[in-house]
Protein chains: 2
Amino acid sequence: MDIPTLCLGILSLGDATGYEIKKMVAEGSFSFFSEASFGSIYPALTRLTEEGLISCRAEAQSKRPDKKIYSLTPAGRAELEAALANSPGPDRNRSDFLAALLFAEAVAPHRIEDLIDERIAHHGEQIEALEVMLGAEEGAASRFVLEYGIVMQKAAHDFLVKKKKGLIAGMMAPAS
Amino acid sequence: MDIPTLCLGILSLGDATGYEIKKMVAEGSFSFFSEASFGSIYPALTRLTEEGLISCRAEAQSKRPDKKIYSLTPAGRAELEAALANSPGPDRNRSDFLAALLFAEAVAPHRIEDLIDERIAHHGEQIEALEVMLGAEEGAASRFVLEYGIVMQKAAHDFLVKKKKGLIAGMMAPAS
DNA sequence: AATTACATGTAATCCGTTACATGATTGA
DNA sequence: TCAATCATGTAACGGATTACATGTAATT
């Protein structure tokens with residue numbers, strides 16, 4: 001999903017400014033399956049407005065740039081609908097952690113325990129953060145996505161806790 | 001993790017050609033946490049050779065380009081070790097499926113059931129493929145990574161199976 | 001005193017994919 | 001006969017990040 005479509009989708013859930021969209025993808029529940037920076041969001045919003053897929057009303061603010069609040073237009077809604085008619089591509093997961101784990105076996109086996117411990121702690125934090133978000137979320141699909149995230153984080157967390165010792169032992173006795 | 005480092009890591013597990021590295025990241029157990037195309041792998045290998053981090057021996061073949069088999073040098077091993085000393089960044093998950101689910105609520109709720117059914121089938125296929133790979137894999141870390149993948153795919157699969165009806169019902173009665 | 005949050009936008013740059021170029025062999 | 005596998009490599013292109021540019025206000 002490209003960034004213009006992502007913006008359309010976010011705006012289908014409610015009006016927002018570019019700044020708010022950035023916050024959603026960087027920190028909100030969107031952050032678990034998408035990314036985007038100002039450098040891609042603002043130009044996308046400008047282009048989408050030119051194309052009539054979204055509309056923009058400016059709200060004056062003293063001593064700050066005007067807030068530009070974007071809304072999905074009927075044309076934009078139709079465009080989003082068309083995009084959703086296609087089956088989504090497969091998930092793309094980049095995990096430096098998994099790569100590091102795999103490569104550490106040959107090159108730095110002493111790192112493995114730390115790598116896993118760090119990751120376990122990380123999943124713990126993520127789970128907490130997601131649970132806080134879930135408490136504040138009301139939409140059925142939004143809650144579903146958040147619950148999905150929690151389940152996945154917990155699965156990873158529990159797997160690492162359960163298998164850590166086995167992995168370390170397995171590497172000490174490599175040719176067993 | 002950038003592509004040069006990824007190549008270094010793969011070569012730490014054994015010598016390989018550029019073609020083989022591509023196959024590993026596109027189809028092998030690496031495909032679940034990384035991606036790379038010929039257009040990025042071959043130039044990386046060339047550069048790494050110039051820098052002395054890997055070495056290359058050519059194997060002549062009749063009627064085909066020479067096979068260039070790359071090996072990690074001690075300098076390359078040191079470089080990889082240095083890279084692994086840094087904590088890996090967080091996983092980056094791009095999921096058009098989750099995005100589509102979220103956006104479909106507002107714009108195409110009738111699509112949701114299909115979206116989920118497709119995804120359930122997809123996870124089933126992935127689980128089978130991973131289990132086949134696991135049967136052929138012997139390294140402790142490689143098996144660990146594969147098992148991790150299976151656990152995650154199963155978690156997603158089971159979550160979707162269990163929650164599908166609830167989501168659809170929840171959207172029919174939105175303001176409950 | 002310094003950093004973060006708010007608020008928008010542009011330009012340079014990087015990284016990587018897609019497509020192109022070449023060509024034999026094997027299996028469906 | 002057509003597609004896929006094997007095998008390497010380059011160039012054009014696209015998409016997105018990073019850094020830059022500007023400035024206030026609140027928090028630490």
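Each chain gets a letter, A, B and so on, in the order the sequences are listed, and its residues count up from 1.
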Report task. Would you mind classifying the nucleic acid contact of B:Lys23 as base, sugar-phosphate or nothing, using non-hydrogen atoms under 4.0 angstrom? Result ->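 Sugar-phosphate, no base atom in range.
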Would you mind reading off the distance between [X] atom [atom1] and [N] atom [atom2], rounded to a whole angstrom?
| X | N | atom1 | atom2 | result |
| --- | --- | --- | --- | --- |
| B:Met1 | C:dG16 | CE | C1' | 17 Å |
| B:Asp2 | D:dA16 | CG | C1' | 17 Å |
| B:Arg92 | D:dA16 | CZ | P | 12 Å |
| B:Leu45 | D:dT10 | CG | C1' | 15 Å |
| A:Glu20 | C:dA5 | CD | P | 15 Å |

**Report entry** Contact under 4.0 Å: B:Gln61 side-chain N or O vs D:dC6 OP1/OP2
**Finding:**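 Indeed not, no polar side-chain atom of B:Gln61 lies that close.
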Report task. Using a cut-off of strictly less than 4.0 Å, decide whether B:Ser40 has a side-chain nitrogen or oxygen near OP1 or OP2 of C:dT17. Result ->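 It does, given that an N or O in the side chain of B:Ser40 lies less than 4.0 Å from OP1 or OP2 of C:dT17.
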Query raised in the report: Per the end-axis method with five pairs at each terminus, what is the bend angle of the helix from C:dA1-D:dT28 to C:dA28-D:dT1, to 10°?
Result: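 Rounded value for the end-axis angle: 50°.
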Query raised in the report: Near DNA chain D, which residues from residues 5-14 of chain A have a heavy atom under 4.0 Å away?
Result: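 Within this stretch, nothing sits under 4.0 Å of the strand.
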Between side-chain atoms of residues 19-39 of chain A and protein atoms elsewhere (two or more places apart, or another chain), which donor-acceptor pairs fall under 3.5 Å?
| from | atom 1 | to | atom 2 | distance (Å) |
| --- | --- | --- | --- | --- |
| A:Glu20 | OE1 | A:Thr17 | N | 3.0 |
| A:Ser31 | OG | A:Gly28 | O | 2.6 |
| A:Ser34 | OG | A:Phe30 | O | 2.9 |
| A:Glu35 | OE1 | B:Arg92 | NE | 3.4 |
| A:Glu35 | OE1 | B:Arg92 | NH2 | 3.2 |
| A:Glu35 | OE2 | B:Arg92 | NE | 3.2 |

Hey, what are the protein-to-nucleotides 20-28 of chain C N/O distances that come in under 3.5 Å?
| from | atom 1 | to | atom 2 | distance (Å) |
| --- | --- | --- | --- | --- |
| C:dA24 | O4' | B:Lys63 | O | 3.4 |

Give me the other members of the hydrophobic cluster that [X] sits in, counting Ile, Leu, Val, Met, Phe, Trp and Tyr linked by side-chain heavy atoms under 4.5 Å, directly or via other members.
| X | value |
| --- | --- |
| A:Ile69 | none |
| A:Val132 | none |
| A:Ile3 | none |

Could you pull out every donor-acceptor pair under 3.5 Å between side chains of residues 157-165 of chain B and any protein atom, sequence neighbours left out?
| from | atom 1 | to | atom 2 | distance (Å) |
| --- | --- | --- | --- | --- |
| B:Lys164 | NZ | B:Glu113 | OE2 | 3.3 |
| B:Lys164 | NZ | B:Asp117 | OD1 | 2.8 |

Query raised in the report: Thinking salt bridges, do B:Asp15 and B:Lys68 make one under a 4.0 Å N-O criterion?
Result: no
Requested in this report: From the options D:dT8, D:dT17, C:dG16, select the nucleotide whose nearest atom is closest to the side chain of A:Glu35.
Outcome: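 Looking only at side-chain atoms, A:Glu35 lies closest to D:dT17.
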Report task. May I have all residue pairs that pass side-chain hydrogen bond (donor to acceptor under 3.5 Å, both in side chains) and include part of residues 139-153 of chain B, sequence neighbours excluded? Result ->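 Qualifying pairs: B:His123-B:Gln153.
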Query raised in the report: Between A:Glu27 and A:Gly18, which is nearer to the 5' end of DNA chain C once each is assigned its nearest nucleotide?
Result: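 Its nearest nucleotide being more 5', the pick is A:Glu27.
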Query raised in the report: Short question: side chain of B:Thr73, backbone of B:Leu53 - any donor-acceptor pair under 3.5 Å?
Result: yes
Using distance only, find each side-chain donor-acceptor pair of residues 76-90 of chain B under 3.5 Å and give its atom names and separation, not counting sequence neighbours.
| from | atom 1 | to | atom 2 | distance (Å) |
| --- | --- | --- | --- | --- |
| B:Arg77 | NH1 | A:Ala106 | O | 3.4 |
| B:Ser87 | OG | A:Glu118 | OE1 | 2.8 |
| B:Ser87 | OG | A:Glu118 | OE2 | 3.3 |

**Report entry** Which residues share a side-chain hydrogen bond (donor to acceptor under 3.5 Å, both in side chains) with B:Asn93, sequence neighbours left out
**Finding:** none
I'd like a list of close polar pairs between nucleotides 9-13 of chain C and the protein, N/O only, cut-off under 3.5 Å.
| from | atom 1 | to | atom 2 | distance (Å) |
| --- | --- | --- | --- | --- |
| C:dG9 | OP1 | A:Lys68 | NZ | 2.1 |

